[in-house]
Amino acid sequence: MGYLVDIFLIAVGAALINNFVLYYFVGICPFIGVSRRVDMALGMGGAVTFVISIAAFLSWTLTTLVLMPGAPVTRWVAGFFMSADRAATVDLTILTYIVYIFVIASSVQFVEMYVRKFYPQLYKSFGVFLPLITTNCAILFACLVIMSHVVGVDNPAEAWGLGKSLVLGFFGGVGFTIAIVIMAGIREDLDLCDIPESFKGAAITLIIGGILAMAFMGFTGVDSGLRVALGGTP
Amino acid sequence: MTWVTIGLSVGILLSMAVVLSYVLGWANIKFHVDVDPRVVSIMDALPGANCGGCGYVGCGEYAEAVVLEGEAVSKCVVGGQNCAADVARIMGVEVGEALPYRPVVHCGAHYEDRLGRHEYRGEQRCSAANLVAGVQGCTYGCLGFGDCVRACQFDAIHVVDGLATVDYESCVGCGACAKACPRNIISITPFKSAQVLAVACSNKDRGKNVMTVCKVGCIGCGACARISDLFVLEDNLSTINYDAYTDECTLDVMKACEKCPRKRLVFVGIPTREDLEKSRDLKAPDVVEPDFKTTVDDTEWRG
């Protein structure tokens with residue numbers, strides 16, 4: 001029960017309360033760039049959700065197996081050169097950024113080739129967006145959030161498993177989709193408005209993004225309320 | 001300890017590089033999609049701006065459409081004629097006739113030709129003045145407040161003595177002026193030669209009413225239509241059938257131009273060398289800009 005509540009709260013937190021775009025302001029580039037039409041925004045949102053899920057899986061796996069102190073692969077290799085006690089303290093977390101970028105970019109490249117070969121229709125609808133977001137900051141941000149819940153957690157029982165990481169990644173992407181689709185809807189209406197010359201284009205989009213962010217501030221504190229309502233301890 | 005950490009870092013990154021490049025290289029061969037080589041070379045020939053001017057999402061989609069669906073090779077507005085020629089060479093076809101389209105202002109009245117003008121002190125814009133009755137007698141003609149001038153990004157249209165005048169040497173035919181004109185008197189016309197014939201009036205009223213508001217407007221007498229089939233009288237206004245228009249004018253067309261009592265059939269376009277030589281000695285009148293200073297600020301803000 002407690003695990004399910006955690007999962008639910010992580011999902012709601014990633015999608016609404018701490019929305020990647022409107023709370024943390026990461027992933028602004030595709031948010032501004034591809035929010036002109038609702039259908040394109042949906043395609044972009046789908047692509048982001050997909051890539052972020054892959055990135056969450058890979059980053060959790062690599063962090064747990066290789067990068068964190070005491071990770072099994074690192075401990076095994078280091079065991080050949082030093083005593084087992086010291087091998088358990090070898091810390092490779094300095095490599096996280098470069099490894100995440102490296103692995104995510106190549107895996108998305110791989111998936112893109114696969115989709116292009118076997119699902120040409122799918123490739124046509126969102127394949128064009130995939131290269132745009134492979135090294136986007138929203139993706140890296142999700143990886144770093146997951147890392148912060150895996151490495152250096154005081155109570156090892158609270159460290160995130162693969163399930164929680166995937167939920168964060170997927171619902172972070174869903175939150176991005178919600179934000180960009182709302183934005184695209186507003187911008188479609190905005191085309192019919194008489195906007196002052198100096199505000200046209202990216203300027204008015206950023207202002208609207210700020211107003212949307214203020215609206216999403218209304219979700220603040222919902223998570224602790226939900227936790228109480230679902231029978232957990234606040 | 002330190003050396004082990006460094007060694008492990010190097011080892012991990014190196015092994016990742018080897019493994020991932022092997023996997024990607026394998027996937028590149030295994031998942032290879034056969035692309036028509038013509039698509040690739042057309043992609044190279046296109047500007048790569050992905051502007052969507054051709055009606056496709058980007059240059060890649062247009063290149064595919066040219067090769068697979070037989071789309072016309074001259075759709076790229078950015079690349080223009082040279083690009084169309086390149087694409088045609090790759091496809092082994094002839095470039096279709098791609099006429100340049102340029103705006104024509106269908107009004108020929110300068111300030112002194114317009115009757116029933118009254119001082120207008122409102123916002124100095126055509127879109128605002130068009131809502132007010134009585135700014136000038138003619139409800140079809142150019143208002144001369146220069147909405148088209150502000151719309152033009154190429155400095156190719158100017159208000160000369162109250163009449164919007166296109167500078168065809170700077171014009172690229174984007175059509176922004178035609179969209180901006182609240183009276184819709186600027187039409188985008190195919191230019192089959194450097195100069196084309198145009199009817200410089202858009203007044204659809206009966207001849208008598210035209211005469212009360214304008215000294216030069218078309219009165220719909222039909223003299224031109226009687227002489228040449230090129231002209232069609234619609235709603236008391238002579239219009240030119242540009243489908244039948246050819247670049248060399250026949251004798252009866254020239255006769256119709258001379259016959260027009262209001263001299264409304266005019267040639268517009270880039271002046272030829274002879275025109276320039278002919279008008280070299282003529283003294284051009286000084287351009288007088290209308291200068292109504294009002295309290296209205298000249299910004300786009302309208303609340």
Side-chain angles (χ1 to χ4, degrees), chain A residues 36-37 39-40 43 58 62 65-67 69 71 73-83 86-87 89-96 98-120 123-125 127-129 193-200, chain B residues 1-36 39 43 50-52 56-65 68-69 123 125 127-128 147 150-151 153 179-180 297-303:
Chain A
R36 223 163 259 138
R37 310 218 57 83
D39 49 349
M40 280 176 77
L58 288 172
L62 278 170
L65 292 185
V66 180
L67 298 175
V73 173
T74 315
R75 199 165 55 186
W76 176 67
V77 175
F80 290 110
F81 304 104
M82 52 177 61
S83 67
R86 291 180 67 200
T89 60
V90 171
D91 184 2
L92 294 177
T93 40
I94 43 160
L95 292 178
T96 45
I98 189 166
V99 167
Y100 290 164
I101 293 283
F102 199 38
V103 173
I104 295 164
S106 17
S107 60
V108 172
Q109 188 76 34
F110 181 82
V111 171
E112 191 196 344
M113 284 196 246
Y114 182 82
V115 171
R116 190 175 180 192
K117 175 78 178 176
F118 294 107
Y119 305 98
Y123 179 77
K124 266 195 175 163
S125 57
V128 285
F129 302 117
C193 295
D194 197 4
I195 303 161
E197 193 81 41
S198 45
F199 284 105
K200 273 181 186 160
Chain B
M1 177 76 188
T2 322
W3 287 107
V4 174
T5 311
I6 293 173
L8 272 175
S9 310
V10 172
I12 284 172
L13 287 179
L14 268 180
S15 52
M16 271 173 60
V18 169
V19 170
L20 288 174
S21 42
Y22 182 79
V23 168
L24 283 182
W26 173 79
N28 197 20
I29 298 166
K30 193 78 183 168
F31 299 152
H32 182 69
V33 180
D34 282 324
V35 181
D36 195 322
V39 174
M43 286 268 284
N50 290 319
C51 65
Y56 290 89
V57 178
C59 296
E61 281 73 21
Y62 175 57
E64 274 182 18
L68 302 177
E69 290 150 37
E123 196 183 358
R125 285 172 184 281
S127 51
D147 278 14
R150 278 181 285 268
Q153 291 184 8
K179 284 193 197 110
D297 192 5
D298 192 44
T299 49
E300 285 278 351
W301 178 255
R302 286 197 283 283

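Quick note on labels: first sequence line is chain A, next is B, and so on, each numbered from 1.
Only the side chain of A:V77 comes within less than 4.5 Å of a heavy atom in chain B; its backbone stays farther off. At a 4.5 Å heavy-atom cutoff, the contact between B:L20 and chain A is made by side-chain atoms alone. If you measure heavy-atom distances from B:L13 to chain A, the contacts under 4.5 Å come from both the backbone and the side chain. Of the two parts of A:F81, only the side chain, counted from C-beta on, holds a non-hydrogen atom closer than 4.5 Å to a non-hydrogen atom of chain B. Residue A:S198: no heavy atom, backbone or side chain, is found under 4.5 Å from chain B.
A search for side chain to side chain donor-acceptor pair (under 3.5 Å) contacts involving B:N28 returns nothing, not counting sequence neighbours.
A distance of 6.0 Å separates CG in A:L62 from CE in B:M16, rounded to the nearest 0.5 Å. Annotation: the span from A:M113 atom CE to B:I29 atom CD1 amounts to 10.0 Å, rounded to 0.5 Å. Atoms CG and CD1, from A:L67 and B:I12 in turn, are 6.0 Å apart once rounded to the nearest 0.5 Å.
The 12-atom threshold is exceeded at CG of B:L68, counting heavy atoms of other residues, nucleotides or ligands nearer than 6.0 Å.
Smallest separation of non-hydrogen atoms from A:A78 and B:V4: CB-CG1, 4.1 Å. Taking both residues in full, the closest heavy atoms of A:K117 and B:K30 are given as CE-O, 4.2 Å, listed atom of the first, atom of the second, then distance.
Ring geometry for A:F118 versus B:F31: interplanar angle over 60°, hence perpendicular rather than tilted (30 to 60°).
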